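Read the structure below first, then the notes.
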Amino acid sequence: MRDKSTKIGMIDQGILAISKTKEYPALVKQSMGRVLNFALVISILLTIIVYLIPMAAYQWSLGGLETFFKEAIPTFTITDGKMEMEGKLDMELLGIPIKADSSKDKYTMDDIDSEKIAQVLISNSNILVKDLGQVFEINFETIKGTINNQTLVGMVPYFYGAEVVLILFGIIALFLRYLLGAFGYALIGMTVASLRQIPLNLQDLFKIGIYCKLLSALVGAVNEVLGYPISVEYWYSIGMLISFVYLTKGIVAHKTNESSKGMIL
């Protein structure tokens, strides 16, 4: 059994959290700062798996945003409140369907697909953007000057900057969601600890909640990247079950540890 007073490195924390539930007493003895840093590192890793790698791979497949704007998008010009485009555009960018048709006078709410979470529609006179159920409209008559393919090429650095900001916000969101989930398991753990007559406070159970979620979080991220070979509905239940098993074993490990100390004394 590992000395509970020993500081455990990030990688070792992850290994113990997944493969050695009997070492949870040693993990719980880590300072709250070290445990929160562990949760932050895991959130960064999950963001890399779920968002950064697919985004980088997709942009690489496009040849980079500059090549994409020059070659993949039909030549277009927006000026004097109207858009002219050579041909039509119908594609998906990072999973978001985008349709552009200069022969279409104007897109309206009737053209929005209610089943899609996000969507972009570009007509001769306006743009409709649907994001998380909200629809925003931009009328070209409000745009001053001229916008064309070369304009988008010149904005590539800003697009990359926006991606960095989105990644940072993604890390923060995943970190907060991870902590919220851990707190939920801590509340469940209070009942488990009480039934098992194991004296653990809420802070100890919160630490166990952070570690018990690790395996299901990592597998869930891989499942998402692979396009959900295990459907969301099934994985939600499976992931909770995995975390609950780790939660219970992590709590019970404290009783086993106390029993071992009693036998030595």
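Remember, it's a predicted structure, so these values are computed and weren't measured experimentally.
Thr248 is listed as a side-chain neighbour of Arg196, based on a closest heavy-atom distance under 4.5 Å. Counting heavy atoms from C-beta outward, Met83 and Ser125 have side chains that stay 4.5 Å or more apart. Contact annotation: the side chain of Tyr228 never approaches that of Glu233 to less than 4.5 Å [non-hydrogen atoms, C-beta and beyond]. Using a 4.5 Å cut-off on side-chain heavy atoms (C-beta onward), Pro229 and Asn223 make contact. Counting heavy atoms from C-beta on, the side chains of Thr151 and Ile78 never come closer than 4.5 Å. Using a 4.5 Å heavy-atom threshold, the side chains of Phe175 and Thr47 count as separate. You'll find the side chain of Asp101 stays beyond 4.5 Å of the side chain of Ile122, heavy atoms only.
In this structure, Leu16 and Tyr24 approach most closely via the heavy-atom pair O-CE1, 4.0 Å. Taking both residues in full, the closest heavy atoms of Ser102 and Asn124 are given as O-CB, 3.2 Å, listed atom of the first, atom of the second, then distance. The two residues Tyr51 and Leu174 come nearest to each other via the heavy atoms CE1-CD1, 4.2 Å. Heavy-atom minimum distance, Ser231 versus Tyr234: OG-CD1, 2.8 Å. Of all the heavy atoms in Asn149 and Pro74, the pair that sits closest is ND2-O, 3.4 Å. Across all their heavy atoms, Gly154 and Pro157 have their closest contact at O-CD, 3.6 Å.
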*Stepwise side-chain contact (heavy atoms from CB on, under 4.5 Å) check, Lys207 with Leu27*: CA-CA 8 Å; Lys207 292 178 181 178; Leu27 292 174; over 6 Å; no
*Full working for side-chain contact (heavy atoms from CB on, under 4.5 Å) between Tyr178 and Leu214*: CA-CA 9 Å; Tyr178 196 95; Leu214 178 58; 4.0 Å; yes
*Could you check Ile127 against Phe140 for side-chain contact (heavy atoms from CB on, under 4.5 Å), going step by step and ending with a plain yes or no?*
CA-CA 8 Å; Ile127 299 177; Phe140 292 147; 3.4 Å; yes
*Checking side-chain contact (heavy atoms from CB on, under 4.5 Å) for the pair Asp113/Lys130: CA distance, chi angles, key distance, verdict?*
CA-CA 9 Å; Asp113 189 337; Lys130 181 181 181 182; 5.8 Å; no
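Taking hydrophobic clusters as Ile, Leu, Val, Met, Phe, Trp and Tyr residues chained together by side-chain heavy-atom distances below 4.5 Å, Phe38 does not share a cluster with Ile15. Transitive grouping of hydrophobic side chains (ILVMFWY, heavy atoms separated by less than 4.5 Å) brings Ile208 and Phe183 into a common cluster. Neither Leu215 nor Val245 shares a network with the other; the hydrophobic side chains, linked directly or stepwise wherever heavy atoms of I, L, V, M, F, W or Y lie under 4.5 Å apart, form separate groups for each. Note: the hydrophobic cluster containing Ile138 does not contain Leu128 (ILVMFWY, side chain heavy atoms under 4.5 Å, direct or indirect links). Note on Leu40: it does not cluster hydrophobically with Leu168, by side-chain heavy-atom contacts below 4.5 Å among ILVMFWY residues.
Remark: side-chain polar atoms of Ser216 are paired, donor with acceptor, to backbone N or O of Lys213 under 3.5 angstrom. For the pair Glu66 (side chain) and Val156 (backbone), a donor-acceptor distance under 3.5 Å is absent. The closest donor-acceptor contact from the side chain of Tyr246 to the backbone of Ile18 lies under 3.5 Å.
With sequence neighbours left out, Lys104 forms a salt bridge (Lys or Arg N to Asp or Glu O under 4.0 Å) with Asp111. Under the side-chain contact (heavy atoms from CB on, under 4.5 Å) criterion, Leu36 pairs with Met32, Leu179, Phe206, Ile210, sequence neighbours left out. The salt bridge (Lys or Arg N to Asp or Glu O under 4.0 Å) test applied to Lys249 returns no partner, not counting sequence neighbours.
With rounding to the nearest 0.5 Å, the separation of CG in Leu200 from CE in Met190 is 10.5 Å. Note that CD1 of Ile167 and CG of Leu52 are 5.0 Å apart. Values are rounded to the nearest 0.5 Å. For the atom pair OG1 (Thr75) and CD (Glu86), the distance works out to 4.5 Å, reported to the nearest 0.5 Å. Atoms CD and CE, on Glu163 and Met55 in that order, are 5.0 Å from each other to the nearest 0.5 Å.
In summary, of the residues considered (Leu195, Val192, Asp204), a side-chain contact (heavy atoms from CB on, under 4.5 Å) with Ile251 occurs for Val192 alone.
Aromatic rings from Phe159 and Phe69 are positioned such that their centres are separated by under 6.0 Å.
Residues Asn139 and Thr142 have side chains that never bring a donor and an acceptor to within less than 3.5 angstrom of each other.
The environment of Ile11 atom CD1 is sparse: at most 12 non-hydrogen atoms of other residues, nucleotides or ligands sit within 6.0 angstrom.
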